[in-house]
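Each remark here refers to the structure printed beneath this line.
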Amino acid sequence: MLGAALVGSSAGRTLVALATALGAVALALFASHRLRDPLNRLLDTADSEQFLLRVLGLALLVAGAAEAAHASAAVGAFLVGLALSGQLAERARLAVEPLRDLFSLVFFLAIGLTIDPRDLLPVLPAAAARWAA
């Protein structure tokens, strides 16, 4: 609601955004409670690579659906994480953990590559003084 209010949305649009967000959370909670067994059967496999692909595929599918509903794709993927529970959630966390580290490295590398080294020259003396202190 705060985001919609800050961008100057009307009260109706703010209420629609709030209802969409609450509906998505309610759906994730419903899925984690009522659909736990079918979700476990869908995702559970002995092969680690197959399991990882299933979890990531489901996260991408829900993230895409959230984006299509004009919500954040990250929130959609987060809701998949909420829907996973128990031993399946722990296994998913262990399977995705190396990818998290890899993607954080890629993220910071991409951000670093967007910096023009010439922009660093004016602040170099201040950074050196701070480092020396």
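Position 1 is the first residue of the sequence; numbering continues from there.
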Legend entry - Spatial distance of atom CG (Leu109) from atom OG1 (Thr114) [nearest 0.5 Å]: 10.0 Å
Inset, instruction - Could you tell me the separation between the CZ atom of Arg93 and the CG atom of Leu88, rounded to the nearest 0.5 Å? - result: 13.0 Å
Inset, instruction - Answer yes or no: does atom CZ of Phe51 have more than 12 heavy-atom neighbours from other residues, nucleotides or ligands under 6.0 Å? - result: yes
Legend entry - Qualifying residue for side chain to side chain contact (heavy atoms under 4.5 Å, CB included) with Arg91, from Asp44, Leu84, Val96: Asp44
Inset, instruction - Would you name the heavy atoms of Arg54 and Thr45 that are closest together and state the gap between them? - result: NH1-CB, 3.7 Å
Inset, instruction - Evaluate whether atom CD of Glu97 has more than 12 neighbouring non-hydrogen atoms of other residues, nucleotides or ligands under 6.0 angstrom away. - result: yes
Inset, instruction - Among Val62, Leu56, Leu60, find the one that has a side chain to side chain contact (heavy atoms under 4.5 Å, CB included) with Leu58. - result: Val62
Inset, instruction - Verify the cluster assignment for Leu52 and Phe103: are they in a single hydrophobic cluster under the rule of side-chain heavy atoms below 4.5 Å apart? - result: yes
Inset, instruction - Would you name the heavy atoms of Ala73 and Ala66 that are closest together and state the gap between them? - result: CA-CB, 4.5 Å
Legend entry - Inter-residue atom distance Leu53.CG - Ser48.OG, 0.5 Å rounding: 11.0 Å
